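Given the structure is predicted, the values throughout are model-derived calculations rather than measurements.
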Amino acid sequence: MRIRLLGPTELTAADGRTTPITGAKRRAVLALLGLEFGRCVRIERFYDLMWAEEPPVQARAALQGHIAALRKLLHGTGLTLRTQAPGYLLDGDRESVDLHRFTALTTRAASEPDDAAAAALLGEALDLWEGPALADLPDTEQRRGHANRLDGVREQALHDRAERLLRCGRGAVAVPALEQHLHTDWLQEPTVALLVRCLHQAGRPAEALRRYHRTRAALAAELGLHPGAALQAALTAVLAEEPAPADGGPAGAHTQAPHDAPHRPPAVADAPSPTAPATPTAAPLPRRTAGFVGRAAELRWLDRACGPDRPDHALAVVVGAAGAGKTATVVRWAHTAADGFRDGHLHCDLRGFDPARPSTPGEVLAGFLRSLGLAEAEIPEEHARRAALYRALTAERELLVLLDNVRVAEDVGELLPAGPRCATVVTSRHTLEDLIVTEGAALLRLEALPEADALALLAQVLGERRVAAEPAAALRLAGLCDHLPLALRIAAARLAAQPSWTVADLVAEAEDDRTRLPALDAQGGVSVRSALNLTLRRLPPTAARLVALLAVHPGPEIDVPAAAALLAAPPAEVRGALGTLAAHHLLTETAPGRYGRHDLVRLYGRELLDGDPPAARHAALARLLDHYLAAATAGAARLQPHLTEFERPVAFPPPVLPELPHVRAALDWFRTEEPTVRALVAAATGAGEHDRAWRLAFLANCLYFGAGRLTDRLDCLRHGLTAATRTGDVVATALVEAATARALSGRRRPVEALALARRAAGRTAAHDGPAQIYTMAVLATALADHGDLAEAVELSDATVRRLDELGLHEAGAAVLSNAATLAALTGDGTTALRHAREARRLLAAHPHATFHLFALADEAHALHLLGRVVESEQAWQEAAERCRASGSLHLEAAVERRFADFLLATDRPTEAAERLGRAREFHAGSGDTRGAAELTARIAVIERATSAQTERTERTDQTATPMPRASRIGRSARTA
């Protein structure tokens, strides 16, 4: 008998059966005895845990009653509950209490030098948890203290396991458990830091960065904090492949190119040589922005690039999105740095994104020549002579040149001063890569403000008191402004102009997607929308159109194939458009070929799209859905080729599809795109695209199974079922009902699964064809999962016969594989082997397909039933290796469990425990605590039996023949 404290407080027998403890106070008595196992617990401590500071008059009698009831429950279990002054004591096998088993395992792990072995011990310890500790006890201060302490040791074990796995290069294994732990509190910085590192090691840097930034934003919004050292170090590790700032500033914020570009010529032969003015020259700098805050790292970077210790011919390019504060930052720095330039400074706003005419280089040259002291009559008319004269006049000078709002690199070349001690700073919304390549420019990307600086900017306008009075609302407002200085200033200005408004009033307006951009409009025409309009006007037509069409895409990121579907354009043209938007900071390239965007840009795109006719918007959604339908069809065909029977040609064939040459590639693509697929099914259902919605959900079903995303699978199918029902198509509804039944089986809900499977089979009873076969096979599996094996076998046999009658051999592999499993469960190895081999023959061209792998496992099971043990083991080995190669996590776990049954039946318990441990990692990582607990219990039984056998062997003759074990190969529910 075991006492469970790490979850619901209960007694558990060795076979897994639980004895419920009725009453929260009785559970409290048992819990305190278990916590203090082997030590006497004073009566007063029971009172504190049960009633806090107000025990009733009959408290002692009530406690004695609970003790007597517990003694009855524990009788004959090896645990002893006895009275010992001044209280009660529980004694026996210490590890019969899961908490003390947990402590023993973590202690062993701490002293284990081998990281892999330590990680396995910690994984076993963590699998003992069934939920929050002591959650079902009376809510007293003592209970909260115990629970907090236990939560702490659980979190420490989780961290230690992740660290050990990282050292082994297996950080990917730790990801599911870390993500699950963060579901309850996603502001745990140490856990987030480990998750970021593990995601990075797993080859998922984009997800690592998303997790970091999500936590960074939440820390500021909810706690007003910056990320701590551990989280910042994790970010640095992810960005380590990018060039780092020289002063250790924010990693990835900028890169500095080497300043070894050829020196610009000081003059040309035919340039006039007027006498240079003796006094320093100046073109007035713009005034400093009032209330400038933050950007300390960026100002230091400008000092390094163009300050006193600058290299010769220093050139810095500062780029960022509209409203990021590029001009304000550069001007702020220039005012402090100008005195360091002996001959003064030159400044010009080129108005590269002005809706009117931008300044031309010739006009800028004329202005610079005037500032350098030339009279109007001395300025040449010809552009080339102006440039030559400018080079000549700057060749011996030490000037600071500011070129603001540059649109293209070509506008800069002739404006660069020739003197080696001159420095030039350029600002642009475009990246201006040509200046990096041809002129050796250093590049600084200006990102959104950190949370603290965003709040400080609001406080500059509103006053500290007003921001401090509503800290949560102020944090939320900063987030709604994407932490962009322009948006923050506009929001603050609106509040300043309306003293009666609270910050929460503006937040309520901005939280509505329909009114956020109008909420960020200020008097005089200044707005986020107007800033984005200026950028949009300078974009090529394809890129400008894509800004609007991206509003159709509901996912966090988009890739080239999906964007090509939206634009109905060739991939090369789409890559150029995406690159242009990224260069103008309307998108951010999160990984090669994948792009994310700010919320304000998304809303701006939606406004643009709302100006299109409804038919155009609907067509864009249809094109995107058809793209994902085609991609999901291609991916599903890798896992379950028979699903092509349900394939339908799409109305808008995609210009390009992701490359999915094998099962692993299909699953990798789906894991990246799953949030978009799920959101698209929901969006399509809401938009009336019911046929496309249910088909996408149905095709994605097997991809969800392969990827191990079992909870998200159900969510997607629910939307798909709504859509199928709304079509009025009986067959469509039945198909999605059957798929949902499989998903429910995968979540261990056999009663619901069986009811839905029966309904689906009933709908297709009169519809001869693949749908009838599919729903009959699903119902047979659901019956077996429900425990109705005889009925399941009878229906399975009928399905095989019906398959032959209809000549639907394409679906045969799935049906025959299911039939093989059921036959083996009845002990009919001959029939099971025949069905399994026929299924494999039908799928010979798809060795990593789901039902080929299931059939291979069925064949291994059948061979064992027939006494062909050597062949059986070879088949099990092959099945496990192929599952691992395919990347299908759920299937791999199922095969490992069945392989373990074989090993137990052939008297190899140590190997069996190893296989079960691998399966347990999947169940724990996918949130299936029940499945993980079952495997933990099985492993514990095996280990005890092995230990006992070893002890008996040591005490007896070494030649004694061990008793053979009975064969008990288990089954695995077909939820694919």
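Annotation for R386 and E381: closest pair NE-O, 4.0 Å, computed over non-hydrogen atoms. Counting all heavy atoms, side chain and backbone alike, R295 lies closest to E298 at CA-OE1, 3.1 Å. Closest approach of K326 to S428, counting heavy atoms only: CD-O, 3.3 Å. Across every non-hydrogen atom of L416 and E439, the tightest pair is CD1-CD, 3.8 Å. Across L402 and A334, no two heavy atoms sit closer than the pair CD2-CB, 3.6 Å. The two residues T580 and P540 come nearest to each other via the heavy atoms CG2-CD, 3.8 Å.
Not one N or O on the side chain of R391 forms a donor-acceptor pair closer than 3.5 Å with the backbone of A418. Under the 3.5 Å distance criterion, the side-chain polar atoms of E414 are left unmatched by any main-chain donor or acceptor of A387. Checked by atom type and distance alone, the side chain of R310 pairs as donor or acceptor with a backbone atom of R421 at under 3.5 Å.
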Discussion item. Could you walk me through whether L581 and L539 satisfy the side-chain contact (heavy atoms from CB on, under 4.5 Å) test, starting with their C-alpha distance in whole Å, then the side-chain angles of each, then the deciding distance to 0.1 Å, before giving a yes or no?
Written reply: CA-CA 8 Å; L581 295 181; L539 294 176; 3.7 Å; yes
Worksheet item: Given the rule in the side-chain contact (heavy atoms from CB on, under 4.5 Å) test, do L415 and V401 qualify, once you have shown the distances and angles that lead to the verdict?
Response: CA-CA 9 Å; L415 304 180; V401 179; 5.8 Å; no
Discussion item. If you apply the rule side-chain contact (heavy atoms from CB on, under 4.5 Å), what do you find for L199 with Y212, and how did you get there?
Written reply: CA-CA 11 Å; L199 286 168; Y212 170 85; over 6 Å; no
Worksheet item: Step by step, would you call D411 with V364 a side-chain contact (heavy atoms from CB on, under 4.5 Å)?
Response: CA-CA 10 Å; D411 291 344; V364 177; over 6 Å; no
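Judged as a side-chain hydrogen bond (donor to acceptor under 3.5 Å, both in side chains), and not counting sequence neighbours, the contacts of E451 are R216. Residues that satisfy the side-chain hydrogen bond (donor to acceptor under 3.5 Å, both in side chains) test with R594, not counting sequence neighbours, are E557, E673. For A577, the side chain to side chain contact (heavy atoms under 4.5 Å, CB included) partners two or more places apart in sequence, or in a different chain, are T542, A543, L546. With sequence neighbours excluded, the residues satisfying side-chain hydrogen bond (donor to acceptor under 3.5 Å, both in side chains) with T427 are D404.
Here L209 contributes atom CG and L235 contributes atom CG; the two are 6.5 Å apart, rounded to the nearest 0.5 Å. Of the inter-residue distances, the one linking L369 atom CG with L389 atom CG reads 5.0 Å to the nearest 0.5 angstrom. One distance of note links CG of N405 with OG1 of T327; it measures 4.5 Å at 0.5 Å rounding. Put simply, CG on D343 and CG on L393 are 11.0 Å apart, with the number rounded to the nearest 0.5 Å. Between L372 atom CG and L346 atom CG the span is 5.0 Å, to the nearest 0.5 Å. Between H345 atom NE2 and C422 atom SG the span is 13.5 Å, to the nearest 0.5 Å.
At least one side-chain heavy atom of V192 sits under 4.5 Å from a side-chain heavy atom of R211. The shortest distance between side-chain heavy atoms of V574 and V656 does not fall below 4.5 Å. Taking the side chain as every heavy atom from C-beta outward, R545 and P541 never approach each other to under 4.5 Å. Side-chain contact between V412 and V317 is absent, with no heavy atoms from C-beta onward closer than 4.5 Å. Looking at L219 and L231, their side chains come closer than 4.5 Å, going by heavy atoms from C-beta outward. Using a 4.5 Å cut-off on side-chain heavy atoms (C-beta onward), V196 and H200 make no contact.
Heavy atoms from other residues, nucleotides or ligands lying under 6.0 Å from CD of E382 number more than 12.
With T329 as the fixed residue, the side-chain contact (heavy atoms from CB on, under 4.5 Å) test singles out one of V318, L299, L444, V425: L299.
For the ring pair (Phe, Tyr, Trp, His ring centres under 6.0 Å) condition, the pairs that include at least one residue of residues 377-407, sequence neighbours left out, are F368-Y390. Each ring pair (Phe, Tyr, Trp, His ring centres under 6.0 Å) pair with one or both residues in residues 395-416, not counting sequence neighbours, would appear here, but there are none.
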